[in-house]
Asker: 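Sharing a structure, written as structure tokens. Questions coming.
Start at 1 and go down the list; that is how both ligands and their atoms are numbered. Counting from 1, the numbers follow the sequence of the chain as shown.
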Amino acid sequence: MKVLDERSGTAVDVRDRLAVALDVPDVRLALDLVDRLGDSCRWVKVGMELYYAAGNSLLDELRSRGYRIFLDLKLHDIPNTVAGGVQSVAKSGAELLTVHASGGGAMLTAAAEAAKTPGAPRLLAVTVLTSMDAAELSAVGVCSSPAEQVLQLARLATRAGINGMVCSAEEVAALRAELGPEAMLVVPGIRPAGNESNDQRRVATPAEAIARGASMLVVGRPITRAEDPADAARAVLREIESAFA
Ligand code: C5P
């Protein structure tokens with residue numbers, strides 16, 4: 001399924017707009033899930049739950065099955081440690097890696113420098129978790145609204161040399177306007193109509209998120225807990241496609 005991406009003027013495979021979150025606790029469940037997904041998706045997101053249990057050998061296995069890897073480790077530590085983390089991930093074959101923008105400018109700059117290592121993944125700066133609303137933010141001492149905080153963190157990451165962000169569908173239009181067509185804007189908290197929001201707060205449908213400027217959507221439970229995950233993934237892809245029409 002190819003769609004014309006107006007921002008780049010090129011035809012893109014709609015599957016490159018979707019990463020399926022493999023939020024399962026072990027290798028067997030992960031491989032069962034990708035067996036069921038087949039080629040309905042191309043990108044899989046491996047987060048801390050699975051990576052800490054399964055490590056790089058699982059990433060090798062997923063890559064040998066043709067999947068591209070988005071490693072969502074959300075690094076957040078002192079600059080030297082995060083830079084070392086990015087360098088270690090460079091050996092894993094992952095193509096995308098997340099760091100927390102709230103780790104600060106020095107940390108983001110060190111991460112961006114480390115991402116110049118051959119084979120290193122492209123970095124995505126996580127702005128404000130989609131599970132956090134204004135009340136949760138103020139409880140950790142941030143008095144700005146989620147929208148203001150996302151913009152501030154995105155500017156910080158951009159100045160540090162990172163032009164990919166993770167944000168919710170509520171902020172993606174503002175970030176697209178601020179950062180321009182080149183930025184990679186990745187949006188989790190996606191819920192196709194009729195799905196439960198679970199623990200997510202700032203949610204949108206796939207079509208809404210794409211129409212507002214998302215480059216890639218992250219979808220977990222609405223696909224992975226569906227009776228037929230490949231069918232659910234294809235339904236999301238059709239919705240993404242409809243937003244390009
Ligand atoms: O199951 P669900 O679709 O809510 O999964 C969303 C995925 O996106 C999870 O793997 C979660 O860790 C991730 N994520 C998020 N919010 C962010 C960054 C990543 O929900 N800001």
Asker: Do Thr98 and Val186 come within less than 4.5 Å of each other through their side chains, counting heavy atoms only?
Answerer: no
Asker: Would you mind running through ligand 1 and noting each atom that sits below 4.0 Å from a heavy atom of Gly220?
Answerer: 1 (O), 2 (P), 3 (O), 5 (O)
Asker: Should you measure from each heavy atom of Ala21, which atoms of ligand 1 turn up under 4.0 Å away?
Answerer: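 Taking each heavy atom of Ala21 in turn, ligand 1 has 10 (O) under 4.0 Å.
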Asker: Give the atom numbers and elements of ligand 1 that come within less than 4.0 Å of a heavy atom of Pro222.
Answerer: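 It comes down to these atoms of ligand 1: 3 (O).
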Asker: Where the closest heavy atom to atom 2 (P) of ligand 1 is concerned, which of Met48, Arg191, Glu49, Lys45 has it?
Answerer: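 When every heavy atom of Met48, Arg191, Glu49, Lys45 is considered, Arg191 comes closest to atom 2 (P) of ligand 1.
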Asker: Near Val166, which atoms of ligand 1 are under 4.0 Å from a heavy atom of that residue?
Answerer: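 Under 4.0 Å from Val166, ligand 1 has these atoms: 18 (C), 21 (N).
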Asker: May I ask you to say whether Asp32 pairs ionically with Arg36, meaning some side-chain N is under 4.0 Å from a carboxylate O?
Answerer: no
Asker: Out of curiosity, Asp23 CG to Thr224 OG1, how far, rounded to the nearest 0.5 Å?
Answerer: 7.0 Å
Asker: Just how far is it from atom CG of Leu185 to atom CG of Leu175, taken to the nearest 0.5 Å?
Answerer: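 The distance works out to 6.0 Å.
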Asker: Mark up the atoms of ligand 1 that fall under 4.0 Å of a heavy atom belonging to Val218, in ascending order.
Answerer: 7 (C), 8 (O)
Asker: Can you figure out which of Lys74, Arg225, His100 has its heavy atom closest to atom 14 (N) of ligand 1?
Answerer: Lys74
Asker: Check each atom of ligand 1 against the heavy atoms of Leu129 and keep those under 4.0 Å away; list them by number with element.
Answerer: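 Near Leu129, the atoms of ligand 1 are 17 (C), 21 (N).
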Asker: Would you say the side-chain atoms of Ser168 and Glu171 include a donor-acceptor pair closer than 3.5 Å?
Answerer: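 A donor-acceptor contact under 3.5 Å links the two side chains.
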Asker: Can you confirm whether Leu58 sits close enough to Leu31 that some side-chain heavy atom of one is under 4.5 Å from a side-chain heavy atom of the other?
Answerer: yes
Asker: Evaluate the side-chain proximity of Val236 to Glu239: yes if any heavy-atom separation is below 4.5 Å, no if none is.
Answerer: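 No, every pair of side-chain atoms sits at 4.5 Å or beyond.
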Asker: With Tyr67 as reference, evaluate Val46, Asp39, Val34 under the side-chain contact (heavy atoms from CB on, under 4.5 Å) test and give the passing residue.
Answerer: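 Answer after filtering Val46, Asp39, Val34: Val34.
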Asker: Near Arg221, which atoms of ligand 1 are under 4.0 Å from a heavy atom of that residue?
Answerer: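 Listed by number with element: 1 (O), 2 (P), 3 (O), 4 (O).
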Asker: If you count the atoms of ligand 1 from 1 in the order shown, which ones are under 4.0 Å from a heavy atom of Asp23?
Answerer: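 Those qualifying, in numeric order: 9 (C), 10 (O).
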Asker: Does ligand 1 have a heavy atom under 4.0 Å from the side chain of Thr127, from its backbone, from both, or from neither?
Answerer: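 Thr127 to ligand 1: no contact under 4.0 Å from either part.
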